[in-house]
Amino acid sequence: MTQSQTKLTRADFQIDGQVKWCAGCGGYPILAAVQKALPETGVTKENVVFISGIGCSSRFPYYMKTYGFHTLHGRALPIASGLKISRPDLHVWVATGDGDSMAIGGNHFIHTIRRNINLNIMIFNNKIYGLTKGQYSPTTPLGSITKTSPHGTIENPFLPGELTIAAQGTFFARVVDKEPKGMESVFIDAAKHDGTSVIEILQNCVIFNNDIHEQIVAKDVRDDRMILLEHDKKMIFGKENDKGLILDGQEIKAVKIGENGITMDDILVHDKKTQNPNIHYMLARMTYPELPVAIGVIRSVDQPTYEAMLDEQVEHAKKNSKIKDLKGLLHSGNIFEIK
Amino acid sequence: MTQSQTKLTRADFQIDGQVKWCAGCGGYPILAAVQKALPETGVTKENVVFISGIGCSSRFPYYMKTYGFHTLHGRALPIASGLKISRPDLHVWVATGDGDSMAIGGNHFIHTIRRNINLNIMIFNNKIYGLTKGQYSPTTPLGSITKTSPHGTIENPFLPGELTIAAQGTFFARVVDKEPKGMESVFIDAAKHDGTSVIEILQNCVIFNNDIHEQIVAKDVRDDRMILLEHDKKMIFGKENDKGLILDGQEIKAVKIGENGITMDDILVHDKKTQNPNIHYMLARMTYPELPVAIGVIRSVDQPTYEAMLDEQVEHAKKNSKIKDLKGLLHSGNIFEIK
Amino acid sequence: MGNNQKNVIELEEVVVKFAGDSGDGMQLTGNQFSDASASFGNDLSTFPDYPSEIRAPQGTVAGVSGFQVHIGNKAVQTPGDLADVLIALNPAALKTNMKWVKPGATIIIDIDNFDNKHYKKAGYIEDPLHDNSLKGYTLIKAPITSLSRATVNSLELDIDHKTADKTRNQFVMGLLFWLFNRDVKKGEEFIVKKFAKKPDLVTINKAVLFAGYNYAETVEAIATQFNINPAKNRKGTFRQVTGNAATAWGLIAGTQKAGVKLFLGSYPITPATEILQELSLHKYLDVKTFQAEDEIAGICSAIGASFAGSLGVTTTSGPGLALKTEAAGLAVITELPLVIVDVQRGGPSTGLPTKTEQSDLMQAIYGRHGESPLPVIAASTPGNCFKFAFEAVRIALEHMTPVILLTDGYLANGTELWEIPNVDKLPEIIPPLVKDNDPDFQPYRRDPEKLNRFWAIPGQEGLQHRIGGLEKSDIYGAVSHDPFNHEVMSKYRAGKVQKIENYIPEQKIIGNPKGGELLIIGWGGTFGALNVAVTELREEGYDISLAHFNYIFPLPKNTKEVFSKFKKHLVCELNLGQFVDYLRSQHPEFSYQQYNKIQGLPFFIKELKNKFKKTLEEK
Amino acid sequence: MGNNQKNVIELEEVVVKFAGDSGDGMQLTGNQFSDASASFGNDLSTFPDYPSEIRAPQGTVAGVSGFQVHIGNKAVQTPGDLADVLIALNPAALKTNMKWVKPGATIIIDIDNFDNKHYKKAGYIEDPLHDNSLKGYTLIKAPITSLSRATVNSLELDIDHKTADKTRNQFVMGLLFWLFNRDVKKGEEFIVKKFAKKPDLVTINKAVLFAGYNYAETVEAIATQFNINPAKNRKGTFRQVTGNAATAWGLIAGTQKAGVKLFLGSYPITPATEILQELSLHKYLDVKTFQAEDEIAGICSAIGASFAGSLGVTTTSGPGLALKTEAAGLAVITELPLVIVDVQRGGPSTGLPTKTEQSDLMQAIYGRHGESPLPVIAASTPGNCFKFAFEAVRIALEHMTPVILLTDGYLANGTELWEIPNVDKLPEIIPPLVKDNDPDFQPYRRDPEKLNRFWAIPGQEGLQHRIGGLEKSDIYGAVSHDPFNHEVMSKYRAGKVQKIENYIPEQKIIGNPKGGELLIIGWGGTFGALNVAVTELREEGYDISLAHFNYIFPLPKNTKEVFSKFKKHLVCELNLGQFVDYLRSQHPEFSYQQYNKIQGLPFFIKELKNKFKKTLEEK
Ligand SMILES: Cc1ncc(C[n+]2csc(CCOP(=O)(O)OP(=O)(O)O)c2C)c(N)n1
Ligand SMILES: Cc1ncc(C[n+]2csc(CCOP(=O)(O)OP(=O)(O)O)c2C)c(N)n1
Ligand code: SF4
Ligand code: SF4
Ligand SMILES: [Mg+2]
Ligand SMILES: [Mg+2]
């Protein structure tokens, strides 16, 4: 991959024109975080490509001064896949919504993940269809009243992390649009991960689903309702850092350190690198109020990428094929010279 | 639901014409098992519907003397969903292949499952595209040489059970085409389950993927490489019934009873009914050679179905709506009488 | 009040355009105004105009949202070409809309927003109030924001800023009530009804409404009032209706008349989403809606429901129709009833998603693989979306076929004052059902007249059968690869659709049924504009008539006869010429001229009249 | 050997049909026979014919699989209407194929399989060997199975039953070598090559080959040998090629000549799958293939690859094309190069998946929402799939547009003896690339002649830009909702495709270039049959010519001129009349007659000639 010579800055990625999201949309801080994180990943401007589907979130590429492609609803991932497979030297980011990636795009989502193509996928999870003005999405909580569910939804929502891990994902992280630092650091981690990185961003839609994440991310409650996972560190949380996670049989439990004989030693250590997905699956599934919602990088394991394996096959074929060129191909097999 | 008065037999479901699978195809014993299981589910002939996509497996409805619909590649599930939602009184079965359900139909698969629509889905998992003559499917093992992967596949295969559970499935079972009794009993369980039942059938394709499951299901090895799960029973396996499964931290392990101090008490008891999916997730993921492959009903939990919730909303609306009929609707809101 | 006017001008009709930021509630204000007009007995037509961003930055041109209302005392058939009155809440709204107002129009601006900061945001280089660009217009500079706020503040009710600012609409409304010489009581009633459960909101909105009214009455700026009398010759019970609502209701009406349940499988997409939203409200009428994971699942669920004895319906716009074509082919070969509603928008691809266009016609007629004929019909006004949705249901059920109903963004979001039909008088629809245990039943036995097969429904005793996408044998419905059978079945499918021409009305001529010089040919949502243009020209003495098509495939039986009565044929469409190409292939004996517009906008009457006159003059 | 023949008849051409169970390896036998024929210098054409089940029960009609070979000493252009020689390995094969043999044909059956059990399975009520139904044919009852087994057993090599039975093909082959008076050495060579690594198989197959040969020579039954001399006037290097392989190779050739890499995103579907399979073998040529999760991902991955500077290609058949239409529209609006290959099969829906048809034409031309023009071209022989795949690449890259290439099941699986082109002499293809940091680059600036935009590729310095499905402003490519811009851009897109007519060859007339009584009009895969029928009639003195189209949209510039030279126009297609409807819309000034066949089968020369004569006779 081409590395930048002179250090880039946020401004290198900012467009001259207008960003056209609603005032107060969670898209703005996400955009800022990406623009700040990119210079830290050592790329050159011309080697970065942003691909998106359709949705408010999918306008993202228009707001980045890089190569970009605003594609079709649900189809960002196959387009990004073709791009990355044919050009492994490019740094490919995907901006998508909960509807774009998991409603119409759900199949591409799980297939891209199992192929472990090196894409950085940002899911703007506002749990609603923004651009079409407020219908429920596959992540909308059961029972929600929306424009198309006047009597409440009757579908169990997907958890993006759960799907990612079950589709044999190698990288999953969750971040909050309100937390610039957290986003930046996770974006950098995702960029560095060689394989499909899925980042769920809890994003606020001020217009159609305002404060949907507040129950968890509001300033006054967040410390007790979210847990920031850091690799190789104890999984502790709470305003006083006095709570932690333990494994109790098949289940993760939140406990108070010092109560019921629980000590710091009982608390689990986060290992994002373990290949076995069981614990990552459980961590990704944690939902409030039973458990705190996990923030940060939940899983990040090394596995060969699709494009690397393909390139290997290409190289191998070039070395070993008896036929070397098109002429050879056309003349292979049974040929008849008629004179 | 309408229950049959006189007990039906297998013959009631057999067609007069020819079944047109290849000689030796795993489809035959599956068909027989379904025809034998149906009478045990207490249905009447005219209330049973078989829906399928496209593939060898999807010819299934033509071979059942019930209502049937051979639809489009990948689309059996949304068609079955519309059918079941509009007619909850019908018993709807879906016959699908690994390609049909998880390649082109992957999105419908996970969405149908999360909605918990009461369908019985039989996946004929022969790990290959049969009807199109031998290309790899999403369940084909990594590295396999097939017609479209002359240098070996470079994709991690899906495990149907893993996806089912991560899509919040309420019922998952695995059976083997060679074992008529096992299939029949699981089909009956699936029929009784009120919600989406996913049954993965390890099916042999004699022509394009012969013996793909033999490593596990061959007579001489099967007892050590598969474990038959039964609800509320210890998870033991092996020719001598001397092996079992234990939970070791985040992982399931296979152990020998009597060795290393392991006694029968350490062995896990199978609870298919626990809502918490963690252990089912792990059981569904077990693959040989690390662990024995789980056979039988892995998960079967009660949760309201989509169609039941919708019918409730309809009933509630009928009772509570101020507008009662179309005339009322047309005259609701601002009306202007001009005389 | 309302009596001390200075100078009242009687008008036949007037076009008012409301424009402001996307968040300013222009659609709501427009609706309130048009409802009030309806209650005074005016006929009307409305059309919203909004960007594809939800709320692009305030004050920018990209964020301007508009709503046009055309009211009159004679039949009003379009929202009007250009506005007589423009309400522009900020400079961006003014800038965007100046090209859509009549010379000499009345322009009401919120002067509070006309400062340098706002000019810059709107992209103005010079102050439009001082650069002479508004010369010749009647400009009313009302301090809408400040007076609204002041009014609310004076009530000392502890109302927050945002809520206070939302009352600006009522200021505008008050102003318009005065301007159109109307009893402001109607405005009061609206407020009381709308905010029934929030007394504070009633108080502040009422106060601001009166503030607006009084401002207009007091200030020197407004010298003239307009008066539009109630529409003559229109008696009955009316309501405003959008094309999307009318479509939803027509579907309900059709299925009720057929005695089958309505199942909608759909996926949201602009501008079709409101049909799904509307139908999801009417579960009490046994309507089931299923918001699918994508368009394919939408249509497939509908096909499943139709197989099971409901009428499956799916609603979408162009990109969604593209995704549904494979499944539409399944409905063709299995000969199941199905209604596909395509609310056309600007293409290709995502195109201009909030704009109108008629460019999905070819896809509707031809956009399936194999020989896949299915009937295509099109609605032509917001209100008659009801009628053609009903027709779509009738054709689908009585002829056992998928049907595509085309509407468009203009019909979908526009409204007209619609006479509510008498539900009891709607015709019955009779699907070709089969009796339990009918010994003669065979899945592909056909009605000898219509050529439809019959509908045996799972659950019915003794009728078990299997259908599917592979070719089936005539009568018996077994999978068949027989060459001659395929030809027979292909011709049956084509013939069945062709025979629908025997069950639809003949094509009418508006103008001279005997024929003449120039026949204008249109289809679908352009009816209002074409009809007004033709009618006005006829009144001016021109030899011109209109054949406007709702039945597209098959065409009415007398189409050729109609065409042959005229010398010239001009086909007008909002695309690059799809219907005209289709007509050329169906009736190549005429040499059609074409007039196309592809700007995401409806036709304007003026441009039509110009074109028509030119066409008449040409040799 | 081969010299002691009894009675040799010289033939110009012969049609041989091999028929047996799907598992009997008929395709292989047929191929071996045709390769041998080619090596003797015959021209040839082949066509397989298989059911949509993989291996329906043995011995049943549903399970019969066939392979037809037409060889000759003059140019062979079709696999032949009816067979001169039928090899039927069982009664079901006989039953299915009797309607496709010539009167008096030679029929070779495996008498071992003609017993009551097999008759019943095949659905015979009476024994066909004794009910007089074979009267007039030369019947050769060879004990193929038993003699093959006996031969193998005699070698005492411990060969299992299944393998022994597979040698039956060689018995048939030996028989045919004798029948066609050929040196059996060629057959030996084939076996040695094919089983190179399995000496036992060489031994047994060789032995059975000779057994068949000797049987034919010895037995009384076969009185006559046929001799077909090498084709005259054909010199060069030839090979057999299927349309699918030729397509794959043409795509490689085109991208190599353009200096871009080839990326195929595809999903398996009959009869297109072999293109994906073929390309997946050629990674050493820098070809990347991606088997996607569905057709949509297939085309989308190709679009992504094209954006990134490769040529994206996707291959499919009708149902897949239906699924790809939305994404094709994205390629239209973003003006990226893309090749979509549609190998047509019998429709609608799943239809007749293993049969041929020309019924996706309308979908190819019109099957997208919005105004979405893209060029459509069609190959007309298995071999020229190479040429038109190359053309598709050229048009896509030089004109920056998605292109649909239509082939069909008949071309895809059929073979012809194809002269291998000289790779070095293929024309260069020059995509409109942009230099790094070009200050004049704008995403929607256009070439003034062709109207294409330019191709700036991620990774290039200083050319960063963003494209997408929303309408874009002329030149600058910003998202634009401007009405007039949309009209301008819509017309550019249409104009760009129309202008391709300046970069394709003029339409040729086969027959009398000056014109005449009757012009036969065809397109795509029916070329062989139409050409033979027209040529034969011309030889018989009829005033008839052929215009066979490969360029469908846009049509060649001289189309009208060509048509106007003839009095009558008869459009022949394997559908219900799609090209004819399209021609009516494009050139309505001619009154076209049409001849359609929709049986999943190619045209027969005989039926064409009959129809042509009738048309000539009609007033
Ligand atoms: C094929 C197709 N179907 C539907 C749509 C309409 N549509 C556009 S965006 C969208 C959903 C957006 O939701 P999400 O992906 O969550 O994005 P958000 O706007 O919330 O960021 C839908 C249904 C479309 N553009 N194309
Ligand atoms: C839209 C569409 N795409 C592709 C196909 C071709 N196709 C038919 S079946 C099949 C895959 C079958 O595999 P699987 O579902 O595993 O079924 P099996 O034949 O193995 O039982 C494919 C790719 C099709 N019929 N329709
Ligand atoms: S609608 Fe919601 S998601 Fe879309 S731009 Fe506005 S705030 Fe953001
Ligand atoms: S190809 Fe395989 S899966 Fe298909 S019918 Fe034959 S054995 Fe069964
Ligand atoms: Mg969203
Ligand atoms: Mg399979």
Side-chain angles (χ1 to χ4, degrees), chain A residues 17-25 27-28 52-59 62-63 70-75 98-109 126 128-138 140 144-155 158 205-209, chain C residues 21-23 27 50-64 92 121-123 162 264 266-284 287-298 315-320 322-323 348-351 353-354:
Chain A
Q18 261 168 25
V19 178
K20 293 185 187 165
W21 287 312
C22 308
C25 176
Y28 288 98
S52 66
I54 300 286
C56 292
S57 35
S58 290
R59 297 284 172 103
Y62 291 131
Y63 307 146
H70 176 230
T71 71
L72 297 171
H73 191 38
R75 316 303 174 191
D98 40 320
D100 195 59
S101 62
M102 272 170 291
I104 190 166
N107 202 27
H108 310 309
F109 185 64
N126 55 14
I128 198 83
Y129 292 171
L131 191 67
T132 48
K133 307 193 173 175
Q135 303 77 27
Y136 62 93
S137 92
T140 303
S144 302
I145 307 258
T146 72
K147 285 219 186 115
T148 42
S149 59
H151 310 103
T153 59
I154 53 178
E155 313 190 340
F158 282 140
C205 168
V206 272
I207 306 294
F208 298 113
N209 216 12
Chain C
D21 266 329
S22 304
Q27 325 275 340
Y50 53 93
S52 78
E53 289 83 16
I54 298 303
R55 277 171 210 183
Q58 284 195 344
T60 67
V61 164
V64 174
K121 263 201 182 168
K162 225 172 152 184
L264 176 73
S266 184
Y267 187 74
I269 185 166
T270 305
T273 314
E274 293 80 11
I275 308 176
L276 165 62
Q277 291 174 181
E278 178 66 27
L279 285 174
S280 71
L281 291 166
H282 304 306
K283 298 197 174 67
Y284 59 91
V287 174
K288 288 188 178 174
T289 59
F290 174 65
Q291 181 180 313
E293 56 272 27
D294 63 14
E295 279 83 356
I296 298 174
T315 49
T316 192
S317 185
L323 290 168
S349 197
T350 308
T354 58

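Labels below follow one simple rule: chain letters A, B, ... track the order of the sequence lines, proteins then strands, and each chain is numbered from 1.
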Q. Checking heavy atoms, do the side chain of Ser266(C), its backbone, both or neither come under 4.5 Å from chain A?
A. neither
Q: Specify the closest pair of heavy atoms between Ile104(A) and Glu295(C), including all atoms of both residues, with the distance to one decimal.
A: CD1-OE1, 3.3 Å
Q. So which heavy atom on Gln291(C) is nearest to which on Glu155(A), and how close?
A. O-OE2, 3.8 Å
Q) Nearest 0.5 Å, what's the NZ-NE2 distance between Lys283(C) and His151(A)? A) 5.0 Å
Q.
When you compare the side chain of Phe208(A) with that of Ile54(C), does any pair of heavy atoms fall below 4.5 Å?
A. yes
Q.
Tell me the closest heavy-atom pair linking Lys20(A) and Pro57(C), and the distance in Å.
A. CA-CD, 3.4 Å
Q. With only heavy atoms counted, which part of Leu323(C) is less than 4.5 Å from chain A, the side chain, the backbone, both or neither?
A. side chain
Q: To the nearest 0.5 Å, tell me how far Glu293(C) CD sits from Phe158(A) CZ.
A: 8.0 Å
Q. When you look at CD of Gln58(C), are more than 12 heavy atoms from neighbouring residues, nucleotides or ligands closer to it than 6.0 Å?
A. no
(Q) At a 4.5 Å cut-off on heavy atoms, which part of Thr146(A) comes close to chain C: side chain, backbone, both, or neither? (A) neither
Q) What distance separates Leu276(C) CG from Lys147(A) NZ, expressed to the nearest 0.5 Å? A) 11.5 Å
Q. Could you state the interatomic distance from CG (Leu279(C)) to OG1 (Thr148(A)), rounded to the nearest 0.5 Å?
A. 12.0 Å
**Q.** Portion of Ile154(A) that has a non-hydrogen atom of chain C nearer than 4.5 angstrom
**A.** neither
**Q.** Nearest-0.5 Å distance, OH of residue Tyr50(C) to NZ of residue Lys133(A)
**A.** 5.0 Å
Q) chain A: which of Thr60(C), Ile296(C), Ile269(C) shares the most heavy-atom pairs with it under 4.5 Å? A) Thr60(C)
Q | Contacting region of His70(A) [heavy-atom separation from chain C under 4.5 Å] | A | neither
**Q.** Ile54(A), part contacting chain C, at a heavy-atom distance under 4.5 Å
**A.** side chain
